[in-house]
**Student:** 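One structure follows; several queries about it will come next.
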Amino acid sequence: MANLQKLNVLMCGTGEYTTGWTGSGASKSDKKIGVVGLTCFDLRRLGKVDKLGMVGVSGGKFPVIRQHLDENIGGVYKDMDLTFDSYPEGDTVNPKAYRDAIDKMKAGDAIIVFTPDPTHFEISMYAIERGIHVLVTKPAVKLLEDHNTLIAAAKKHNVVCFVEHHKRFDPAYSDARAKAKALGEFNFFNAWMSQPKSQLETFRAWAGKDSDISYYLSSHHIDICCWILQDIAVPTRVVASAATGIATSEPYNCVPETEDTITLMVDWQSIKSPAHKGTGVYTASWTAPLKAGVHSAQHWYYMGEKGDMTLDQAHRGYDVTTDENGKMWYNPFYMKYSPSESGHFDGQRGYGYVSIEKFIDAARSVNAGLTTPEDYDRHGLPTILNTVLTTAILNAGRISLDEKRPVGIKKDGDSWALE
């Protein structure tokens with residue numbers, strides 16, 4: 001372990017998931033002080049991370065972001081060093097500021113990308129080509145072609161490239177994956193995930209323009225299904241349907257092409273048995289009720305040849321009722337924000353934290369020559385290679401909606417393609 005050097009990390013994106021700041025103030029979701037920034041600051045306290053940077057588009061945001069972090073992280077947890085370099089500098093606006101920030105890094109450093117979906121590919125490629133490890137939020141990219149390009153680039157430049165599919169690190173999800181192997185051939189999977197209509201205010205700048213609710217939310221459970229079915233079945237066809245009318249009306253007024261709820265129905269073919277076929281149904285919505293007691297409703301059902309499983313990630317047996325908010329269900333297994341008895345951050349076991357730490361550990365290990373990036377492909381981790389079918393399904397779903405037709409998925413040599 002003595003050979004493991006601390007990792008320099010650049011956080012790309014300054015929004016809700018990185019800082020807890022949304023532009024109109026602190027987030028009203030379950031990520032009020034963010035996940036990425038808080039985790040990186042704590043990993044620096046624990047000796048795994050060294051220099052930190054943060055890059056956005058507008059440098060004018062950083063004074064209020066720093067104040068927000070000082071008050072809500074520095075003022076809450078002991079021994080947190082919140083220093084970081086920020087890009088672009090001053091009050092300038094520069095959509096390509098990530099290039100300036102990455103150009104100041106060296107091979108073996110790392111970036112964590114939480115930016116609008118259409119920017120993931122460009123930012124990730126720019127870093128990979130310079131020998132920099134990449135953790136990119138879901139969806140990794142919107143196009144299967146781009147995903148295949150990232151796979152090849154990461155291999156060529158010998159870097160770690162993970163997709164931040166944190167649900168793989170939820171103990172209930174990972175345990176369910178293990179149990180699924182005893183249920184025989186796959187038959188049926190049904191997933192639901194939603195967020196309240198208030199999120200349309202947070203996402204109005206890009207909702208329906210740069211991405212959709214399927215890419216944003218269904219990417220979670222599509223990845224879980226692909227992960228469970230790894231070596232069991234492969235997707236062959238996608239048909240999509242959408243509900244509309246809420247997001248585009250008052251008071252949200254999103255662009256006309258914004259869908260409210262999207263459902264993807266996917267045909268799966270058993271790898272070992274030609275006779276066994278399965279169906280996956282994945283639905284996501286950002287027009288759920290405002291006072292449902294959870295920020296993200298999320299549950300799924302899996303049926304195999306020899307049994308079934310039901311998992312509800314939103315209701316973990318922990319609810320709090322107050323006069324102001326009524327009954328609320330909490331999930332500290334994701335991120336635990338209450339301090340430890342010593343006053344330090346105490347959320348190291350949360351799967352939101354673990355997802356980032358796993359990437360940091362992998363990058364440090366590869367830098368030290370203890371492992372290779374390919375080793376993590378074999379471990380079932382969300383590497384860029386292991387997540388390709390998630391992108392294939394999402395991309396096929398978008399095409400199905402736009403062109404009103406089924407879209408096939410097939411293996412083309414060593415890569416996956418749509419037809």
Side-chain angles (χ1 to χ4, degrees), residues 7-29 31-41 44 49-75 80-137 140-142 146 164 201-211 216 254-255 356:
L7 194 67
N8 297 326
V9 179
L10 173 69
M11 296 171 274
C12 299
T14 62
E16 179 183 46
Y17 206 84
T18 300
T19 66
W21 185 259
T22 66
S24 59
S27 169
K28 297 177 182 179
S29 76
K31 298 177 277 289
K32 293 179 173 57
I33 54 175
V35 175
V36 178
L38 175 59
T39 299
C40 287
F41 294 138
R44 176 160 59 187
V49 167
D50 192 7
K51 296 179 180 178
L52 287 172
M54 191 181 299
V55 58
V57 172
S58 174
K61 291 182 179 179
F62 282 109
V64 69
I65 287 174
R66 290 182 189 276
Q67 181 182 355
H68 165 73
L69 296 176
D70 285 342
E71 292 175 355
N72 295 292
I73 296 180
M80 282 291 209
D81 175 4
L82 304 182
T83 59
F84 62 91
D85 296 327
S86 57
Y87 307 87
E89 298 178 353
D91 292 329
T92 59
V93 175
N94 180 8
K96 303 294 185 182
Y98 71 87
R99 295 185 178 182
D100 297 332
I102 291 173
D103 286 345
K104 294 185 178 181
M105 305 179 79
K106 66 181 187 302
D109 290 345
I111 68 168
I112 299 176
V113 183
F114 275 82
T115 58
D117 293 356
T119 66
H120 295 175
F121 176 69
E122 183 179 352
I123 295 172
S124 298
M125 277 297 292
Y126 195 84
I128 288 171
E129 289 173 341
R130 285 153 183 80
I132 292 170
H133 306 294
V134 173
L135 173 63
V136 59
T137 186
V141 287
K142 296 175 66 180
D146 289 345
E164 205 278 319
E201 298 173 359
T202 301
F203 300 143
R204 185 184 290 118
W206 60 265
K209 302 174 188 175
D210 296 333
S211 194
Y216 178 65
C254 294
V255 295
I356 296 171

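Keep in mind that this is a model prediction, so the values were computed, not measured. The chain is numbered in sequence order, starting from 1.
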**Student:** With a 4.5 Å cut-off on side-chain heavy atoms, are Leu10 and Val55 touching?
**Tutor:** yes

**Student:** Quick one, Arg204 and Lys209 - any side-chain contact, counting heavy atoms below 4.5 Å?
**Tutor:**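 Result no, sub-4.5 Å side-chain heavy-atom pair not found.
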
**Student:** Looking at side-chain heavy atoms only, is the closest gap between Asp103 and Tyr126 below 4.5 Å?
**Tutor:**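 Heavy-atom side-chain distance check passes, below 4.5 Å.
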
**Student:** Quick one, Met54 and Cys12 - any side-chain contact, counting heavy atoms below 4.5 Å?
**Tutor:**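 SC-SC contact between Met54 and Cys12 ruled out.
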
**Student:** With a 4.5 Å heavy-atom cut-off, do Val113 and Leu135 have their side chains touching?
**Tutor:** no

**Student:** Run the numbers on Tyr216 and Trp206 for ring pair (Phe, Tyr, Trp, His ring centres under 6.0 Å), then give the verdict.
**Tutor:** CA-CA 11 Å; Tyr216 178 65; Trp206 60 265; 5.8 Å; yes

**Student:** Can you list the residues that meet the ring pair (Phe, Tyr, Trp, His ring centres under 6.0 Å) rule with Phe121, with sequence neighbours excluded?
**Tutor:**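 Result, ring pair (Phe, Tyr, Trp, His ring centres under 6.0 Å) vs Phe121: none returned.
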
**Student:** Can you check whether Leu69's main-chain N or O pairs, donor with acceptor, with Asn72's side chain at less than 3.5 Å?
**Tutor:**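 Not a single qualifying donor-acceptor pair exists.
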
**Student:** Would you indicate whether Lys142, at its atom NZ, is surrounded by more than 12 heavy atoms from other residues, nucleotides or ligands within a distance under 6.0 Å?
**Tutor:** yes

**Student:** Can Arg66 and Glu71 be counted as an ion pair, charged N to O under 4.0 angstrom?
**Tutor:**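 Result for this pair is no, no salt bridge flagged.
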
**Student:** Taking all heavy atoms of Val134 and all of Ser124, pick out the closest pair and write down the distance.
**Tutor:**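 Closest approach of Val134 to Ser124, heavy atoms only: CG1-OG, 3.7 Å.
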
**Student:** Are Thr115 and Tyr98 side-chain neighbours, meaning at least one heavy-atom pair lies under 4.5 Å?
**Tutor:** no

**Student:** Can you check whether Ile112 reaches Phe114 side chain to side chain, under 4.5 Å on heavy atoms?
**Tutor:**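 Yes, close enough: below the 4.5 Å cut-off.
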
**Student:** How far apart are the closest heavy atoms of Asp210 and Asp117, and which atoms are they?
**Tutor:** O-CB, 4.4 Å

**Student:** I'd like to know whether CD of Glu129 has more than 12 heavy-atom contacts from other residues, nucleotides or ligands below 6.0 angstrom.
**Tutor:** yes

**Student:** Aromatic rings Trp21 and His68: how do their planes relate, parallel, tilted or perpendicular, breaks at 30° and 60°?
**Tutor:**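 Judged by the thresholds at 30° and 60°, the geometry between Trp21 and His68 is tilted.
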
**Student:** Does any part of the side chain of Ile356, heavy atoms only, come nearer than 4.5 Å to the side chain of Val36, both counted from C-beta?
**Tutor:**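 Side chain of Val36 against side chain of Ile356, heavy atoms only: contact under 4.5 Å found.
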
**Student:** Taking all non-hydrogen atoms of both residues, which atom of Tyr87 and which atom of Ala101 are closest, and how far apart?
**Tutor:** CD1-CB, 3.5 Å

**Student:** Can you name the salt bridge (charged side-chain N to carboxylate O under 4.0 Å, His left out) partners of Asp81, sequence neighbours left out?
**Tutor:** Arg44

